[in-house]
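Please read the structure below before turning to the comments.
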Amino acid sequence: MTDHRDAVLRLWGRQLYERQGEPIAWAEAVLEATGRPPTAVTAAMSGRLDALADSPSDRACLLFRTVAKLAANLRGDGRYDADVGTRIGPLALWLGELEPPLAGPLGDALGHPPDGPTSLVTVHAAELSRNRTIRLRAIDALLEWAELGHPQARAALSEVASDHRTQDVTVWTKALNRIALFGDATVEPGLLRALADTGHRGVRWSALACAELGFRRAVPLITALLEHPDPMVREGACEALGLFEEHAAVPALAARLNDETNWVRSRAAIALGQIGGDRALAVLWQTMMERRNPKAGHLASAIAAFGPPVVDDLIALTTDPDPDLRALACRALGSTADERALPALEHLAAHDLARTTLGGLVATAAKQGLRTAHRIRARTAST
């Protein structure tokens, strides 16, 4: 057990409980195997953890207290603390090495550690067909192994991602949230099928996974999702198209700037800022100037993403008669952190006491813009 030894022991320890048909009886057997007196075992199993305060601090203490805590939780609210469970394997192995007479009883109570990651990963993959609680634990464990680079875990996760119809939607979306750990060209057909299944509750994650992996054949399907009745799906489609930097999607994203849901409007603006180009900038600028929504900070932030080319126009906007537009210009200029913007922001911060539609002072927006600019410039100077 040379590769990923610590991870093997943590996950093995956690599963020691998760696979128990009689977890309380198992906990009692482990407590007895530590060699502590029967009175201590009885106190722990009855939930009297305060009685352990006076117990001797021998080498078995940590394992005993860990399992006693699990037993107390199980008897109380019935919940299992997986973080506590991860400590069992390493503590048991350590105790068996330090106290050879306990190695046998501990081995009988706990079983023997697996030979390596593969045996654990095989079990995790099989557990994906068990009940929902076990499936969720299994997908988390497989993601841990994929992060450690285990090829069998990555293969199992690819199978999950490739067929949304057979998967619990929560298990499936958990895998897609970490698609970069294991995704490759083999999952593209399955993700495209999932993307076409617009009634599936995980379609938003299909779009984002395709964007994460750069599957450009998904772009037309994702663009169509901008008209989906669920705002979460529309928001995800905007995000995915921004990740693709898809210029052909600019007109469809422009329509989402007037979406009925504020976070969809915001995400559409961010996407247009990521895509860039004259068309995207013109759409954002026009929408900001039309002032259809007094809460238009997302438009200012998106325009700021275009950087130096927009600074002069934003400075000119600080002299507009409309206080709303002057305040938005301040926000955008602050986000550009451009040196040319500082004098205009300083002037408005000192003199512009006009109020916006929402009741804020333009001077306050200018001060916030200055703080943002100085913070960005300081961070840039330190790197």
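Predicted model only: the values in this text are computed from it and were never measured. All heavy atoms count here, side chains included; hydrogens, waters and symmetry mates do not. In what follows, residues are counted from 1 in the order of the sequence shown.
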For a 4.5 angstrom cut-off between non-hydrogen side-chain atoms, does [X] reach [Y]?
| X | Y | value |
| --- | --- | --- |
| L241 | L226 | yes |
| D197 | H164 | yes |
| L191 | L176 | yes |

Polar side-chain atom of D352 near backbone of V362 as donor-acceptor pair, under 3.5 Å: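 Not at all, since once roles are kept as given, no pair shorter than 3.5 Å links the two residues.
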Side chain to side chain donor-acceptor pair (under 3.5 Å) partners of N262, counting only residues at least two apart: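 Testing N262 for side chain to side chain donor-acceptor pair (under 3.5 Å), a comparison that skips the adjacent residues, returns none.
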Among all residues two or more places apart in sequence or in another chain, which pass the side chain to side chain donor-acceptor pair (under 3.5 Å) test with D184?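 For D184 the side chain to side chain donor-acceptor pair (under 3.5 Å) partners, ignoring immediate neighbours, are T186.
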Provide the closest heavy-atom pair for A161 versus V187 in the form atom of the first, atom of the second, distance.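 Heavy atoms of A161 and V187 come nearest at CB-CG1, 4.4 Å.
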Exercise: identify the closest heavy-atom pair between A153 and A146: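 In this case the closest contact between A153 and A146 is CB-N, 3.8 Å.
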Pairwise side-chain hydrogen bond (donor to acceptor under 3.5 Å, both in side chains) hits with a residue in residues 306-319, at least two apart: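 Every pair satisfying side-chain hydrogen bond (donor to acceptor under 3.5 Å, both in side chains) with a residue in residues 306-319: D312-R340.
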Among residues two or more places apart or on two chains, list those pairs meeting side-chain hydrogen bond (donor to acceptor under 3.5 Å, both in side chains) that have a residue in residues 199-220.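 Non-adjacent pairs meeting side-chain hydrogen bond (donor to acceptor under 3.5 Å, both in side chains): N177-W205, E188-R217, R204-E235, R216-E246.
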Please walk me through it: do L157 and I139 pass side chain to side chain contact (heavy atoms under 4.5 Å, CB included)? CA-CA 8 Å; L157 290 165; I139 199 70; 3.5 Å; yes
Check which hydrophobic residues are tied to W263 through side-chain heavy-atom contacts below 4.5 Å, counting indirect links as well, and list them.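 Taking Ile, Leu, Val, Met, Phe, Trp and Tyr as members, W263 shares its hydrophobic cluster with M232, V264.
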Not counting sequence neighbours, list each pair that qualifies as a salt bridge (Lys or Arg N to Asp or Glu O under 4.0 Å) and has a residue in residues 163-176.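 Qualifying pairs: R132-D168, R135-D168, D140-K174, D163-R165.
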